[in-house]
Amino acid sequence: MDKIFNYIDGQLVPSKSNKWIENVEPATGQTYSLIPDSDHEDVELAFSSAEEAFKEWSQKPVQERSDIMLKISSLIEENKAFLAEAESRDNGKPVGLAKTIDIPRAASNMKFFATGILHYASESHQLNDVAINYTLRKPIGVVGCISPWNLPLYLFTWKIAPALAAGNTVVAKPSEITPMTAFLFSEICIEAGLPKGVLNIVHGYGPKVGAPITEHKGIKAISFTGGTKTGEQIAKVAAPMFKKLSLELGGKNPNIIFDDCNFDKAVSTSVLSSFANQGQICLCGSRIFVQEKIYEKFKAEFVKKVQNLTIGDPKNKDTKIGALVSKDHIEKVQSYIELAKQEGGTILTGGKIVSIEGRCKKGYFLEPTVIEGLSYDCRTNQEEIFGPVVTLNTFQTEDEVLMYANSTPYGLSSTVWTENITKANRMSKALDAGIVWVNCWLVRDLRTPFGGVKNSGVGREGGFNAFNFFTEQTNVCISY
Ligand code: TXE
């Protein structure tokens, strides 16, 4: 049985307790590796090493930090196929998705922030002939990065890269459900010559490892992506400690389709925005609102395409729908399908567990599911399901669909399909969302602000927003 290790002080080590957690392959339901069952003692070791490493790393010339990060990026690219297979095995996602999205984006994250830091400047303000002000931007110190299981290496590096580039050192915690690529990433960091203690990765359960990171007096900022409930817990702990917080939480994103849309593109993209990664992306458009005139036509076309999605072994290159990430999660998603029926929904397609012969017999497979006939304000349409389940609702006017779209406690992203640019701009301004895609989905420019409003989070990642988060400012005012 493969064991993976913590990465602390430049070494790959078991937890101090030498206890292990079973890591299950979603496609087979079988344990295939063991991860360290770490706790606060391992977090303390990681922190001490990070604190020591900060002295040198924060003073290192930016170009040198950048060069090491670029080396890490190129090693990710060199190992793309192996990392993609590992990601697919650990998460259950199709290997094709890991190869085209997850791993390339992890390499891009490292490269983007390694180069971005070379162009990151601050400001000065001249007060007439009285004084000149300049703003210093300094690394914070030891920061905490906690990431989820849906896009494991993609989101893990999305947090770590700007933190390191800005001169901080990191205590990071990947999800215990998908730890593998974070472990492989630590081996890449060692090979790239990242100095010991600059990055420390502690594996284990949220309450035993994530919470000690959040509670640690020496860890001055927390960057977290995960569930809104957990985000709430983290905020409760961190707020009275006055830590900087970046929280990327859940979503219940509206996909709004007007009758003047590019119909074919709206349908095909909606299949992706509904079911990519088995619907386990916080940006998925899980509530589809279609203007009345084209509702029946859209429904027929959309359902037909969904029924043609290949559900299968994530190892197969033709698989479009792989396994859901865990037994607990597929049961949670199934419970929402049952709830939808109780709330009066009609299952147009899907809703059933899929049994796949061979090695995947005991895997966690669920048909992509489309449900119509629910009210906009029922639980199924208000709560994040985070699986291959979408609802279809119709609307007549802009005001009506805007009310539906903004009715949930979330506000992460939205998609708007219309060929009328004035309407698109009007909708984008009125939607409660951190991101609005018009006539597209998941088109990502890493320079742009990334994050949500309401219960979808606090703060923005991406571009210089990330550097602003991972630095502290001092304004220096010098009289003439
Ligand atoms: O997230 P968790 P999970 C949503 C989605 C999903 C739900 C739970 O609805 O069903 O969140 O998913 C660590 N202090 N999203 O279980 O529990 C935990 O170990 C500190 C949306 O992944 O929030 C893991 O490393 N850390 C999201 C990380 O937090 C704690 C993507 C996320 O775990 C902790 C994934 C604690 N008390 C899920 N408890 C998105 N926005 O993309 C847990 N953790």
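FYI, the numbering just counts along the sequence from 1. Whatever order the structure lists ligands and atoms in, that order sets their numbers, starting from 1.
Protein heavy atom closest to atom 37 (N) of ligand 1, with residue, atom name and distance, is Gln233 OE1, 2.9 Å. Atom 10 (O) of ligand 1 has as its closest protein heavy atom Lys332 NZ, 2.7 Å. Atom 13 (C) of ligand 1 has as its closest protein heavy atom Ile146 CG2, 3.8 Å. At the shortest separation from atom 20 (C) of ligand 1 among protein heavy atoms lies Gly210 C, 3.2 Å. Atom 9 (O) of ligand 1 has its closest protein heavy atom at Glu384 OE1, 2.5 Å. Ranking the protein heavy atoms by distance from atom 12 (O) of ligand 1 puts Trp149 NE1, 3.3 Å first. With respect to atom 29 (O) of ligand 1, the closest heavy atom belonging to the protein is Phe224 CE1, 3.2 Å.
Numbered from 1 in the order shown, with element, the atoms of ligand 1 that lie under 4.0 Å from a heavy atom of Ile234 read 14 (N), 20 (C). Less than 4.0 angstrom separates some heavy atom of Glu176 from each of these atoms of ligand 1: 18 (C), 19 (O). Per-residue contacts place Pro174 under 4.0 angstrom from the following atoms of ligand 1 (heavy atoms of the residue considered): 25 (O). Of all atoms in ligand 1, listed by their number and element, those nearer than 4.0 Å to a heavy atom of Cys282 are 40 (C), 41 (N), 42 (O). Below 4.0 Å from some heavy atom of Glu248 lie the following atoms of ligand 1, by number and element: 41 (N). Near Asn150, with a cut-off below 4.0 Å to any heavy atom, the atoms of ligand 1 are 31 (C), 35 (C), 42 (O).
Residue nearest to atom 41 (N) of ligand 1, selected from Thr225, Leu249, Val325: Leu249 (by heavy-atom distance). If you check each of Ile222, Thr178, Thr228, Thr230 against atom 17 (O) of ligand 1, the one with the closest non-hydrogen atom is Thr230. When the heavy-atom distances from atom 14 (N) of ligand 1 to Ala211, Ser147, Ser326, Gly144 are ranked, the shortest goes to Ala211. Around atom 11 (O) of ligand 1, the closest heavy atom drawn from Cys145, Pro148, Gly227, Gly231 belongs to Gly227.
Counting only heavy atoms from C-beta outward, the side chains of Ser413 and Asn253 approach each other to under 4.5 Å.
Both tests hold for Lys3 against Trp20: distance to the six-membered ring centre under 6.0 Å, angle to the ring axis within 45°.
In this structure, atom 26 (N) of ligand 1 has a protein heavy-atom contact shorter than 4.0 Å.
At a 4.0 Å cut-off, at least one heavy atom of His329 sits close enough to ligand 1 to count as contact. Lys229 does not count as a contact of ligand 1, since none of its heavy atoms falls under 4.0 Å from the ligand.
Between Tyr205 and ligand 1, not a single N/O pair is under 3.5 Å apart.
Aromatic rings of Phe113 and Phe467 (six-membered ring for Trp) have centroids within the 6.0 Å cut-off, being under it.
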For residues 244-251, which side-chain N or O atoms pair as donor and acceptor with protein atoms under 3.5 Å away, sequence neighbours left out?
from	atom 1	to	atom 2	distance (Å)
Lys244	NZ	Asn468	O	3.1
Lys244	NZ	Phe469	O	2.7
Lys244	NZ	Thr471	O	2.8

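Listed by first then second residue, pairs satisfying salt bridge (charged side-chain N to carboxylate O under 4.0 Å, His left out) with a partner in residues 25-35 read Glu25-Arg89, Glu25-Arg359, not counting sequence neighbours.
Using a 3.5 Å distance cut-off with no hydrogens or angles, the side chains of Thr415 and Asn255 do pair a donor with an acceptor.
Contact between Leu194 and Trp57 at its shortest, heavy atoms only, is CD1-CH2, 3.9 Å.
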